[in-house]
Colleague: 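Attaching a single structure in structure tokens format; questions to follow.
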Amino acid sequence: MFGVDKIDFNDIELLQHDAPNIILWAAPIMFLLVLIEYILSSMQDKPYYNNREAMGSILVGMGNVAIGVLIKSFLFFVFIVMYNLTPWRMELKWWTFIPCYVVFDFCSYWAHRISHHLRILWATHVVHHSGEHYNLTVSFRLSWIQYFKIIFFFPVAFIGFHPLVIFATNQIAILFQFWAHTEYIRRLHPAIEYIFATPSNHRVHHGSQEQYLNKNFGATFIIWDRMFGTYQKEEQQVIYGITGNITSKINPLLINFHECMDIIKDIRSTKLIREKWFYIFGDPLKVALLKKQISKREDESVNTKIPEG
């Protein structure tokens, strides 16, 4: 069971071939469900979709999948290296998926939570929150530069789970989050709402109201939020989007990199190292507050100038 033989690096190509492409298999069903939701919301005159925003989500998702395919070999290599370094390597057994999924989701909670409080990481996650309408296409809004957050999942590898199990876990975790992005599923049974990141719980996470900000980070299990004090029940109607919504709804480049461009702009706006550092690594909400205060002071300074002559 433990301490099995290391994986030969010459077998990487074979392992990749054996790795199940669960998301690709599920893609036709996902797009069918999106189509059904879109048609249903149109027939019922529900404001759940904006055509340009939905197309932007799809373009972002397609780009994310393409990048994932390109770096798949590299990711396999990284996890094989860590697997081989671990003395207590586990065998490739189907049931190891269960503990792997729990540990993976725990790491996902912290990666997600930290991404909301560290601006440089928020730049890789804001993509997912920039949609102002909540529908199944929002699940496609995954950043093209999110992959360096793989470091948050190194503990999963060092526990000794087989790389194939980890990759299967990652894909199923992504698929689980697909169904949570809809307005059509309201609150479920209290027991389900207590344990899982249901659509109701996840709608809260996408809210821009103060009571909903930085709440419900759980990807599959909402129990982590209950344990660590970040849980919020869905109460008033959620207003979606970010505190400073972007103007372009369809441009995948702007959707992906607008926060990165803002960071660069903010760094250039000051000569103080302390402020530059804060603009990169500060809490996004505190950065926004600081910029608002600076803008207010500048406006007041202009308005109080004595007219010449």
Side-chain angles (χ1 to χ4, degrees), residues 1-27 30 61 63-115 121 124-125 128 139-140 142-180 195-197 202 217-224 227:
M1 172 60 193
F2 294 99
V4 297
D5 292 338
K6 296 181 180 180
I7 296 175
D8 192 323
F9 288 109
N10 293 323
D11 295 333
I12 290 181
E13 187 175 344
L14 180 61
L15 277 176
Q16 284 185 282
H17 182 268
D18 292 340
N21 292 313
I22 301 173
I23 292 180
L24 291 180
W25 298 340
M30 295 167 71
N64 180 268
V65 170
I67 292 170
V69 170
L70 290 174
I71 66 172
K72 183 178 179 182
S73 295
F74 171 73
L75 295 179
F76 256 106
F77 177 80
V78 170
F79 278 100
I80 288 174
V81 168
M82 289 188 288
Y83 182 75
N84 287 346
L85 289 174
T86 305
W88 43 82
R89 294 177 295 275
M90 298 185 198
E91 289 184 80
L92 179 57
K93 298 290 185 180
W94 71 266
W95 60 266
T96 58
F97 163 79
I98 299 173
C100 182
Y101 196 99
V102 174
V103 176
F104 188 94
D105 196 66
F106 179 75
C107 293
S108 179
Y109 168 85
W110 285 106
H112 195 177
R113 182 171 176 175
I114 294 171
S115 294
L121 293 183
T124 73
H125 183 59
H128 189 62
S139 66
F140 302 154
L142 299 175
S143 171
W144 296 353
I145 53 174
Q146 66 172 341
Y147 290 96
F148 72 83
K149 290 190 288 187
I150 188 177
I151 60 175
F152 287 100
F153 300 93
F154 283 177
V156 185
F158 283 123
I159 287 175
F161 293 109
H162 194 281
L164 287 181
V165 173
I166 296 175
F167 271 78
T169 297
N170 176 58
Q171 291 185 74
I172 293 175
I174 292 173
L175 288 178
F176 181 91
Q177 295 171 61
F178 172 75
W179 78 290
I195 298 172
F196 294 102
H202 200 62
F217 297 106
T220 294
F221 302 112
I222 204 69
I223 201 74
W224 310 125
M227 288 173 61

Colleague: Look at the aromatic rings of F178 and F140 and report parallel, tilted or perpendicular, splitting at 30° and 60°.
Modeller: parallel

Colleague: Just by modelled atom types, is the F161 backbone N or O under 3.5 Å from a matching donor or acceptor in the R89 side chain?
Modeller: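 It does not hold such a pair.
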
Colleague: Do I222 and F196 come close enough that some side-chain heavy atom pair is under 4.5 Å?
Modeller: no

Colleague: Residues two or more places apart in sequence or in another chain: which of them pass ring-ring contact (aromatic ring centres under 6.0 Å, His included) with H162?
Modeller: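 Expected list: Y83.
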
Colleague: Shortest non-hydrogen contact from V165 to K93?
Modeller: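 V165 and K93 have their closest heavy atoms at CG2-O, 4.3 Å.
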
Colleague: Would you say the side chain of S108 lies within less than 4.5 Å of the side chain of F153, judging by non-hydrogen atoms?
Modeller: yes

Colleague: Just wondering, do V102 and F106 contact through their side chains at under 4.5 Å, heavy atoms?
Modeller: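 Of all side-chain heavy-atom pairs linking V102 with F106, none is under 4.5 Å.
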
Colleague: Mind checking the OG1-CD1 spacing from T220 to I195? Nearest 0.5 Å is all I need.
Modeller: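 T220 OG1 to I195 CD1: 12.5 Å, rounded to 0.5 Å.
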
Colleague: Tell me if the aromatic rings of F97 and W94 count as close, with their centers under 6.0 Å from one another.
Modeller: no

Colleague: Please find the pair of heavy atoms, one from V4 and one from M90, that lie closest to each other, and give the distance.
Modeller: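 Distance-wise, the nearest heavy atoms are CG2-O, 3.7 Å.
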
Colleague: Would you check, one step at a time, whether the test side chain to side chain contact (heavy atoms under 4.5 Å, CB included) holds for F148 with L121?
Modeller: CA-CA 10 Å; F148 72 83; L121 293 183; 3.4 Å; yes

Colleague: Can you tell me how far apart CD1 (I150) and CZ (F74) are? Round to the nearest 0.5 Å.
Modeller: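 Atom-to-atom, I150:CD1 and F74:CZ are 7.0 Å apart.
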
Colleague: Is there a side-chain contact between K72 and N21, using heavy atoms and a 4.5 Å cut-off?
Modeller: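 Heavy-atom side-chain distance check passes, below 4.5 Å.
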
Colleague: I'd like to check the side-chain hydrogen bond (donor to acceptor under 3.5 Å, both in side chains) partners of T124; sequence neighbours left out, ordered by chain and number.
Modeller: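 side-chain hydrogen bond (donor to acceptor under 3.5 Å, both in side chains) check on T124 returns K149.
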
Colleague: Can you find a heavy atom in the side chain of F79 that is under 4.5 Å from one in the side chain of M82?
Modeller: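 Of all side-chain heavy-atom pairs linking M82 with F79, at least one is under 4.5 Å.
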
Colleague: Please name the pair of heavy atoms, one in I80 and one in P163, separated by the smallest distance, quoted to 0.1 Å.
Modeller: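 The pair with the smallest heavy-atom distance is CG1-CG, 4.0 Å.
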
Colleague: If you compare all heavy atoms of A173 against all heavy atoms of Y101, which two are closest, and at what distance to 0.1 Å?
Modeller: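 Closest heavy-atom pair between A173 and Y101: CA-OH, 3.4 Å.
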
Colleague: Under 3.5 Å, side chain of H125 to main-chain N/O of S115, donor-acceptor pair present?
Modeller: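 Not at all, since once roles are kept as given, no pair shorter than 3.5 Å links the two residues.
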
Colleague: Apply side chain to side chain contact (heavy atoms under 4.5 Å, CB included) to residues F76 and F167 and explain how you reach the verdict.
Modeller: CA-CA 9 Å; F76 256 106; F167 271 78; 4.2 Å; yes

Colleague: Mind checking whether N64 and Q146 have side chains closer than 4.5 Å, heavy atoms only?
Modeller: yes

Colleague: Taking all heavy atoms of Q171 and all of I23, pick out the closest pair and write down the distance.
Modeller: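 Scanning both residues, the minimum pair turns out to be OE1-N, 3.2 Å.
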
Colleague: OH/Y109 to CE/M227 distance, rounded to the nearest 0.5 angstrom?
Modeller: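 Interatomic distance, Y109 OH to M227 CE, rounded to 0.5 Å: 9.0 Å.
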
Colleague: Less than 4.5 Å apart, side chain to side chain, heavy atoms only: is that true for C100 and V156?
Modeller: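 They are in side-chain contact.
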
Colleague: So which atom in A197 and which in G218 form the shortest heavy-atom distance, rounded to 0.1 Å?
Modeller: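 Closest pair (atom of A197, atom of G218, distance): CB-O, 3.4 Å.
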
Colleague: More than 12 foreign heavy atoms under 6.0 Å from CZ of F158: is that the case here?
Modeller: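 It does: F158 CZ has more than 12 such atoms within range.
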
Colleague: Is a donor on one side and an acceptor on the other found under 3.5 Å between the side chain of T86 and the backbone of W88?
Modeller: no

Colleague: So, taking the atom named CG in L142 and the one named CD1 in I174, what distance separates them when rounded to the nearest 0.5 Å?
Modeller: 6.5 Å

